[in-house]
Every structure is written in structure tokens, then in C-alpha cells.
Amino acid sequence: MSRKTFGVNMAKEYTPVDEVAWQQKWVDAKIFESQIRSNRPKFYCLEMYPYPSGKMHMGHVRNYSIGDAVARYKRMMGFDVLYPIGFDSFGMPAENAAKDEGGHPYDITERNMASITKQIKRMGFSYDWNRQLKSHDPRYYKWNQYFFIKFFEKGLAYREHAPVNWCVQCETVLANEQVKAGRCWRCNGPVNQKEMNQWFLDINQYAQELVDGLDTIAFPENVKSLQRDWLGRSEGAQISFKVADSESVIEVFTTRPDTLFGSTFVTLAPEHPMAEELVKGTDYEEAWKELYDEVSVLAEFDRIRNMKKKKGVPSGRFAIHPLTGEKIPIWIGNFVIASYGTGAVMAVPGHDERDFDFAKKFDIPIKRVLIMKEDGDPQAPLETAETEYGWMVNSPIEGFDGLYGEDGKRAITEALKSKGLGQQTINWKIRPWLVSRQRYWGTPIPIIHCDGCGVVPVPEQDLPVELPTDVEFGHGNPLETSESFLNVDCPKCSQPARRETDTMDTFVDSSWYFMRYTDPLNDEICFDPKIMNHFMNVDFYCGGIEHAQMHLIYARFYTKALRDLGLHSNDEPFNELLCQGMVNAPAPWCESCQLTFSVAHAGSPCPHCDSPLTERSAKMSKSLGNTVSPEHMVEKYGADTVRLFILFSANPTAGMDWSDSAIASNHRVMMQMATMPERLLEWSGGVSSMDTWMLARLKQRCTEFQQAMDHFDLRRAVEISHYDFIKDINWYIRRGGENPELGTKILDSWTHLVSVSTPHMAEEWWQTLGKEGLVCGTEMPLLPSITDEEQSALDCETLLRSVLDSARRIKDVAERHLDGPAQSAIIVVSPTWKRSMAVDALNFIEQGGSPKQFASHVSQMEIAQGERKGEIIGYWGKKMLPQVFKWDDDSRILIRSGLDEVEALTQRSSFIAQELGLQSVKVVLGESAEDETGRAGGSMPLAPSIVYA
RNA sequence: GCCGGGGUUCCCGAGCGGUCAAAGGGGGUGGACUCAAGAUCCUCUGCGUAAAGCUUCGCAGGUUCGAAUCCUGCCCCCGGCACCA
């Protein structure tokens, strides 16, 4: 009999060309347009909307392939899916292009959007394109301005003259989050400190809620950790040190009030306003000025690096210790950061490393006020700062010695509180969000500066404040060059006034776009709260880890802030976040230098050390030149193949290695898959006993698929739909199944599973099946659960396959012991006493019995009463005991079921003979009259011995 | 230094108390088919043996009848934060 498995002589090439036609049919049928239907659960699937560069890259393709599979799955399961797309279309690249090459950012952006849109559409993602939004559309940014005015009225938005981060190359200020290692996150250029009038959003008002909210949402641990770090909550005390002979008070923040008695000096940041005040006109002024000048010109990054070298100047003044009344010197030190806490610290050299270094250098007394062991010596000198929690000692005031850690902190804080010189407080690392940018291509800040009235918000009815077109791109803020924009009458007093020329950080745009998607065409209001509340929160949000702290904090903040404006009632925007892994590709790599090089070096020796280069996977990037163009891949293999490859080659969150051979092999799978409907529809056999098995398998696979998808385990889902299914069908055919009715049934369900990752091919299938409409617009009918009969069919085949497996494994070895090829085999099923021992043991242990105790049970067994006692007990301990725990649930059920292994295998013996290339296969019960092999000893329930002859 | 995430067989990666010598893929190997190549299908891919046994999931211990999986300590890698008071 010939094997009629699939894959031989493929009748049909899988052609990517048809994909575009199917995409058009989807559009015509409007099946991806979101609806709100009664009695349907909603599902909001979202990807981070892209910046419209001209080209789609693999990162986009991966991101959207993941999101699209989820959206399609949920749609197929009967959800009202909202799956929108748009463009984060404000931002500097377009403005820089305008500056460098001429043209207008608007035209450049629109052109890029058109081109990337085409490429995205070619992938066949199931977006509701009607909802497309773009940040640079006045209909959208009008609402940025609306919110800004509301925030301004509430005091959440404010203007302040403050030192800010200035990027020299981008000619604009940056938020703290946008400064990475002292450099601009976008251009990597140097960042300086500059004093300017700038707009801020007071995100700190929401800091606590932002921390607490993290416990309520399914974000990956690393993202939560990143956000907690960035928010930087730290509990401690604010303590007031009065300045001797002065009315001034220095406020310090500390997390260690328990060390207060060890404070032997106070240190101010050089920029601390009191520093100048204290030294003014004294001998110390010059030294302070020097330190100030040195420190303040440095970018924060360089400054922190220089902090290792402790520098300081005395102020010549003294502070009063709040509890002891002692006079302690006030110093000015380079290691204190003006912007953190209060910009001043109480220095405790005995129990803080920095203070210790400083005190050593300037010969300031070091006091021990904690001991690290309860019985430690309170007089022991301090060789280094002992910074751990300890027991308080040497307190000049009664009632503190002996207190440990938190108790000490509490006691000191209480004491301070009663004197009105301190209180418990929480300090945050996050600082108000600096939102103004001195650039053109962003949302104009809707503010008018009037000489008489001051800062006046643009009245609501005048919104949007649109970007003018009569601007020049050169140096500085282009908006400053538009007279028509600049000159405006004050809305309050009607006198000539001047418009604010700063625009908003583009992260403002991305902070609420997902809300706008729910009601994107509304011009009356930012979104109808009813619709918005229906679709929000986002159920599944997929994007890159690089947005873990900026976008994802700002968006959470905006959601809460807009909620408090009464615009909706959601606390958190995103229920579940998935950060997809990087797309990597091979790049030249030098093992000895540990360096990756551009593909230009492939085949050449290492430019540094001359040793030969090997290859290593590295993130696809322009600079390495190891990018792969999605466009070319789609052209060559079709969108379905690219999607299949991307989903199958790694879990969504794992890094993924691009491989030319792997995508080629996925394409082969697609070609094979393409032939499936014809092949199954060609079946012409009748009903067979294998039909029950196949049907059961179909049900099983559908269930597994759903479980995988529900956990966003897309790799596993694709594996089931595109790999495991073929194996199952091959097995069915191999076992003689060829029932056309069943073939149709399989295809009915299978097409749905296939449509999740390779939707175009699924439509081809659907058509071949002669079905109405489009599979992508059809819900998947759920199959009934597996019946007992079906379960037993599954079990018998499982037994068969496991017997075949072990028979194959042994065969070669056996034949070495025989004189030639094996002619026949005897399958020796385990004797009945083994099965009853197994059943008893399973029952015993499942009722909570310990395996050790079961041994006495074994010795009670009938078979163990005679001379075989030792053998039986030994068998239990050595063989059965470990095996009892190895059987999975299905096997346990099977063992208890009374399945007759002899019968099941006898029925299948001719198939076994055929598979093993034997003339005959006989099945006998071990230790029975038929068993002449004497080889039943090694047998186990479900694992018979096989004796070749 | 602190906070997160990791270290699995030739490679990539799943597993996270017994179904584990450990999924899946890649690579390698042998075979079927073919005039041939490609494609496809099947076998093998820790040592070992007529099924045993042994060794293996970063290292060293521990808990357990049983550990890749749980606990303790250590080493290393990645990401973030960082004289943050």
C-alpha cells in the first residue's frame, strides 16, 4: 500500500498575487469595521501607532502581525473587535527634512504616510481604516489644546522659569525622560542646562496613583519595574534645620531619620538658593562661586560622573540641630543634586558613604549612632560608613537608644513633629513633565501673552489654533517667523498681544490617541464618553519595550487626568501590555574584540584585530546594514508567508532571528497547506474506525488552539494550525482513513484556525470549499466536547503509537542479536497483576497515601503471597513506584478504564506489522498460557515488551 | 550599588515538582521517491543496552519517595536606575 501522505507532488503553487484581491474583498465587505452590537463582548486590540517614516520595517511587521492575529482570533470568537490604526505624525524628522531638503513638514508627512500606508495595507492586516487618525490633523490636535486649557485652569498645566534640558542639535528643550545618559534620546547630541520659561504638566499630582495602578494591570514585570524606578517613590522625613543667627531655615529630605543624631553637618547643592544667600559678602563667596560655575555648566551626566571626587566649600555659617540644638557647620557640596528632594541634605558621615567621604576629606567629626549588632560596642570607631539598619546608640536624648530601623525612624519623626521641625513625607524622583518644545511641527500651545493680562488661554471657541504655513525653516523656532501667527488680540482686553510659540511635546499626541480611536470623527467633543467607556480599556496593547517609561507613563497619566476632567470613567488605559521582542539578523562579529560590524565587513577580517569574523545575531539596524526589507519578502513569498514566519519563529515577547532559510521553509509549508482543501475533498473512501479518532483529534486541536490564543501564545497556536494538523491528518490517512464527509468537516474548522495567521490563504480555502462569504467575517462554530467513545479512540491510538515508537527504537538493536532482519514480533502485554497493582497504587496515592506506605499494601496482594513475594515487592519499589507518578492524567484514566491492551493491539497488529516491515505480529498477555516468551518481566501497563524473531 | 529579567542538549528556544533524555524549529545524519537536482516524506541526532543503566538543564548545597522545575548561597549575562539623601 502506498502512503498517501501530503506534500508529494504539490499540485498548486502558493501565489502571493491573490492576496491583494482578497484584501479588496475584505474592504468591500466592510468586515473589519468595528461595531457595537448588543450581547457581544467587546475587545479592543491596539498596537502603538507608528511614526510615518516612508517605509515599513520588520519591527512594524512583527508588531502588527501579532496584533492582527489577536484581533482576527477575537473576531472569529464572536467579539466586537476594535482594531484601529493611525499615525503619530507630528515630530522632528519631518521638520528636519524640511529644514535640510526644503519643502514643508506637512507635505513630507503626508507623502510618507501615503507610502507606508500602502505597505501596511499590502500585509492584509484587519484594521478598521475608517478610524484612521493622524496627530497633525487639526481635528485631532484641537483636543490637545482643549485639554491643555482645562489643565491650565485646574493648575495641572503651568509655566515656570526653571533650569531645563536643552538639546543643542535639536534646538529645543527636552523632558527629563528624554535625556539618556546626558544626551538627547532622539539625536544623541549633547544636552545642556538652561534657564528658561517653560510649560509643565504636573504629573506629580498623580504619582501615587500611577504607582498604585501598576498592581491592577497586566504589564510585564520589567515594565512595571521601570515605571516604579522612574516614579521613584521614597518614604522619609522632611526636617528643618534653622540657620544660626538668621531667620532662614534649611529643609532637608532624608530616608534615614533614625540617624539624625549622627548628623554633624548640613550640605547644600551649589545651586541651592540659600547657598548664595549664606555666603554673600563673606570670605567664602569666591570659593562657592567657583564651585557653582564648575558644576552648573556641566551637563547632568558629566556632573554626576564628577561627583565621585568630593568637592565642597564651607559656608562659614552654622545650622541648629533640630533635636539637640547643637551648632553644626553648613557646607556646600558638589554631590548634592539641586533638583532632588530639597536640594539639601543632613550629612551623617557615620552612616552614609558620601557623607563619610566628605567628612574624611574635610576633617569633619564622624559620630556613631547605630550599632550593627545588638551587642555591639557603641564606642567602636567607624572605619567605613555603616549604612545598614542598626540599633540606636549614643543618643543625647533619653528614650531612643536600642530602637531599631523603622522604630527608630518613627521615634525621631515623632519627636521632630512635636517640635514642629519635621514630618513624615514622601519624595518622588519624577518631576513635572516639561511639555513645551521650541519647534514647529507639533501642537501649538493655545496661550496668548498679553502685556496687560499676562498669560491668557485661547477661548475654547477659537480652537484649534492651527499651525501657520507662512514660516521659514532655518535656525530657531519657525513659528517665530510667522507674523500672522504671532500677532493676535488679547481675548480678555482686546489689546495687541503675542501668541505662545512653543508647541507641545509629541508625546502629548500619543497620550490619548487610543481614546480618540473609539470615536475618531467626532467634532463636537473629544470622544463620546458612552462610546469611549464601552470600548476602553484597551484589552491588548502591543508595542516595543522602548516606550516603557515615556509613552506608557504619560498615557496612564493622561487617562487619569482626563478622567478627572469628567471626560470618561476609566482609571487605566491598558489592561494588558505585550512588548514584542526585537527582530535580529546575522551580522559580522569579532569574537576577540566582542564587536559587531556592519555587513560591509562580511568576508573581511576584523578591522581592529585582523582575526577572521564570524556571524552573530544582532538587532536589525540601518547602521549594521543587516535589515531585511518587508516589501521584498512580501513580493517574493507573499504576506501570509511573512506573517507565518514571524509568528512561528519565536514567541511574541522573545527576540527573533531572521533567517532566509527559515522563511523559505515556511513558504514550503504554505505551498503544502495550499493543496490541503483539494486533497481532502478528493477523498473517496468510506466510513472507518479511524474517523472517530480523527474527529476527536480535531476537537482536541481546536481546544488547544483556543487555549494558546487566549494566552497570546501565538507561536503555539500557529504550530497547531500549520504543523500539528498536517501531522494528524497524515496519521489518519496512514491508518486508512479517507472519509470525504469528515474531510469537509475538518476543513470547516481548520480554515478558521488558519485564518488567524494566514488569512489570505484561508479565504482561498473557503472558496475551494464552496462556502458563502468570507471566512474572515465568519464566526467559528464551536465543536461539541469529546465523547467517551472518541476519548477511547484517542487512547487506543496513543497506545498504538507508543508501542510503535518503542518497537522501532528496539528493532535495530534486536536485529543485531538476530542473524538477519526480524521477521516477526510478539507483543507481550503486561500481566494483569501489574495493572491491578497500578490501579491500587494510583487510588492509594490519590487519596493522600504516601508511596512509602503502599509497600505494605503490595505485600498483601494475592500474587505476593507465594514464592514470588520478593520479586513482586522489588518490582513495586524499582519499577512501578517511579512509573506511577510518570503517567499523565490521560494514561491514568486509561489504566483504570479497563482498556484491553491485548484486544486493542491485536486489532491493530497488521498495521504494526506493516509499519515495522514484519510478516507477522502476535499479541499475547504476559504470563498467560499463550505467552511462551518468558519476557513479560519488562512489561508495564501501556508499555508491553516486544520480542523480535 | 539598587531594581527587574535570565543562564536548558550542536545553535535558537519551550518547559517551571512526577507525562523530562527534556516540545518545536534550525543545523547535521541516514533512508524513501527521482535519470538527476530541488521539493516532499520517514529515521536518527547525550553515552549506552533487546527495553536496563548512567550522565545532562550556570556552580555548590538543601527540601522531597521524586528536582531543569521549590529553597539557600555563589558565579555569569541582559535591561533599567544610580553619590536620589
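Side chains are part of it too, since the values below use all heavy atoms of this structure and drop only hydrogens, waters and symmetry mates. Not measured: the values here are computed from a predicted model. Numbers restart at 1 for each chain; the letters A, B, ... are given by sequence-line order, proteins then strands.
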| task | Sequence neighbours left out, what passes side-chain contact (heavy atoms from CB on, under 4.5 Å) with A:Lys429? Give chain and number order. | result | A:Tyr340
| field | Most 5' of A:Asp713 and A:Leu881 on RNA chain B, judged by nearest nucleotide | value | A:Asp713
| said: Rounded to whole Å, how long is the line connecting atom NZ of A:Lys429 with atom P of B:C2? | reply: 16 Å
| task | Report yes or no: is the cationic atom of A:Arg701 (NZ for Lys, CZ for Arg) under 6.0 Å from the centre of the six-membered ring of A:Phe725, at an angle within 45° of the ring normal? | result | no
| task | Tell me what A:Arg935 touches on the nucleic acid: a base, only sugar-phosphate, or nothing, going by heavy atoms under 4.0 Å. | result | base
| message | With a 4.0 Å cut-off on N to O distance, would you call A:Glu235 and A:Lys409 a salt bridge? | response | no
Filtered N/O pairs between nucleotides 69-71 of chain B and protein, under 3.5 Å:
none

| note | Sorted by chain and residue number, the side-chain contact (heavy atoms from CB on, under 4.5 Å) partners of A:Ala548 (sequence neighbours excluded) come out as A:Val223, A:Leu226, A:Ile545
| query | How far does the C1' atom of B:A32 sit from the matching atom of B:A67, given to the nearest Å? | reply | 42 Å
| For the pair made of CZ in A:Phe219 and P in B:C3, what is the distance, rounded to whole Å? | 23 Å
| field | Distance between P atoms of B:G18 and B:G66 (Å, rounded) | value | 15 Å
| said: Using the C1' atom as the point on both nucleotides, what is the distance between B:A39 and B:U34, in whole Å? | reply: 11 Å
| task | With P as the reference atom in both, quote the distance from B:C2 to B:U8 in angstrom, rounded to an integer. | result | 25 Å
| When you check the phosphate oxygens OP1 and OP2 of B:C84, does a side-chain N or O of A:Arg354 lie under 4.0 Å from one of them? | yes
| note | Of the listed B:A85, B:A50, B:G80, the closest approach to the A:Val947 side chain comes from B:A50
| request: Both distances under 3.5 Å, Watson-Crick or G-U wobble: report the partner of B:G79, or none. | output: B:C3
Any N/O pairs under 3.5 Å between the protein and nucleotides 4-9 of chain B? List them or say none.
unit_1	atom_1	unit_2	atom_2	d
B:G4	O2'	A:Asn222	N	3.4

| task | Round to the nearest Å and state the distance from A:Asp352 atom CG to B:G1 atom P. | result | 17 Å
| said: Would you call the rings of A:Trp331 and A:Phe362 parallel, tilted or perpendicular, taking 30° and 60° as the class edges? | reply: tilted
| request: Provide, to the nearest angstrom, the distance between the CE atom belonging to A:Met670 and the C1' atom belonging to B:A39. | output: 17 Å
| said: Base, sugar-phosphate or nothing for A:Ile946? Non-hydrogen atoms, less than 4.0 Å. | reply: base
| Gap between atoms CZ and P, on A:Arg233 and B:C2 respectively (whole Å) | 21 Å
| Roughly, in whole Å, what's the span from CD in A:Gln238 to C1' in B:A85? | 12 Å
| request: In plain terms, say whether A:Arg715 and A:Glu719 are close enough for a salt bridge, that is, a side-chain N and a carboxylate O under 4.0 Å apart. | output: yes
| field | side-chain N/O A:Tyr948 vs B:A50 OP1/OP2, d < 4.0 Å | value | no
| query | Just checking, is any N or O donor in the side chain of A:Thr933 or A:Asp931 under 3.5 Å from an acceptor N or O on the other one? | reply | yes
| Roughly how far apart, to the nearest Å, are B:G15 and B:G30 at atom P? | 34 Å
| request: Tell me what A:Ser945 touches on the nucleic acid: a base, only sugar-phosphate, or nothing, going by heavy atoms under 4.0 Å. | output: base
| When you measure from the side chain of A:Lys224 to the backbone N and O of A:Leu214, does any donor-acceptor pair fall under 3.5 Å? | yes
| task | With C1' as the reference atom in both, quote the distance from B:C59 to B:C77 in angstrom, rounded to an integer. | result | 15 Å
| What interatomic distance, in whole Å, is found between P of B:G17 and the corresponding atom of B:G58? | 16 Å
| query | Is the A:Phe358 ring parallel, tilted or perpendicular to the A:Phe335 ring (thresholds 30°, 60°)? | reply | tilted
| message | Tell me if the aromatic rings of A:Phe645 and A:Tyr637 count as close, with their centers under 6.0 Å from one another. | response | no
| query | For atom CD of A:Glu546, is the number of surrounding heavy atoms from other residues, nucleotides or ligands below 6.0 Å larger than 12? | reply | yes
| Donor-acceptor pair, side chain of A:His351 and main chain of A:Glu386, under 3.5 angstrom | yes
| Taking CZ from A:Arg716 and C1' from B:G15, how many angstroms apart are they, rounded to a whole number? | 13 Å
| Toward the 5' end of RNA chain B, which comes first, A:Gln549 or A:Arg256, by nearest nucleotide? | A:Gln549
| said: So for atom NZ, which belongs to A:Lys361, do other residues, nucleotides or ligands contribute more than 12 heavy atoms lying within a distance under 6.0 Å? | reply: yes
| Partners meeting side-chain contact (heavy atoms from CB on, under 4.5 Å) with A:Ser824 (sequence neighbours left out) | A:Ser920, A:Ala949
| field | Nucleotide paired to B:C47 in any strand shown, Watson-Crick or G-U, under 3.5 Å | value | B:G53
| request: Specify the separation, in whole Å, of atom CG of A:Asn666 and atom C1' of B:A39. | output: 15 Å
| query | On a whole-Å scale, what distance lies between the C1' atoms belonging to B:C20 and B:U72? | reply | 25 Å
Polar-atom pairs under 3.5 Å, protein N or O versus N or O of nucleotides 22-24 of chain B: list them with distances, or write none.
unit_1	atom_1	unit_2	atom_2	d
B:G24	O4'	A:Glu719	OE2	3.1
B:G24	O2'	A:Glu719	OE2	3.4

| said: Mind checking if A:Asn651 touches a base, just sugar-phosphate, or nothing, with heavy atoms under 4.0 Å? | reply: sugar-phosphate
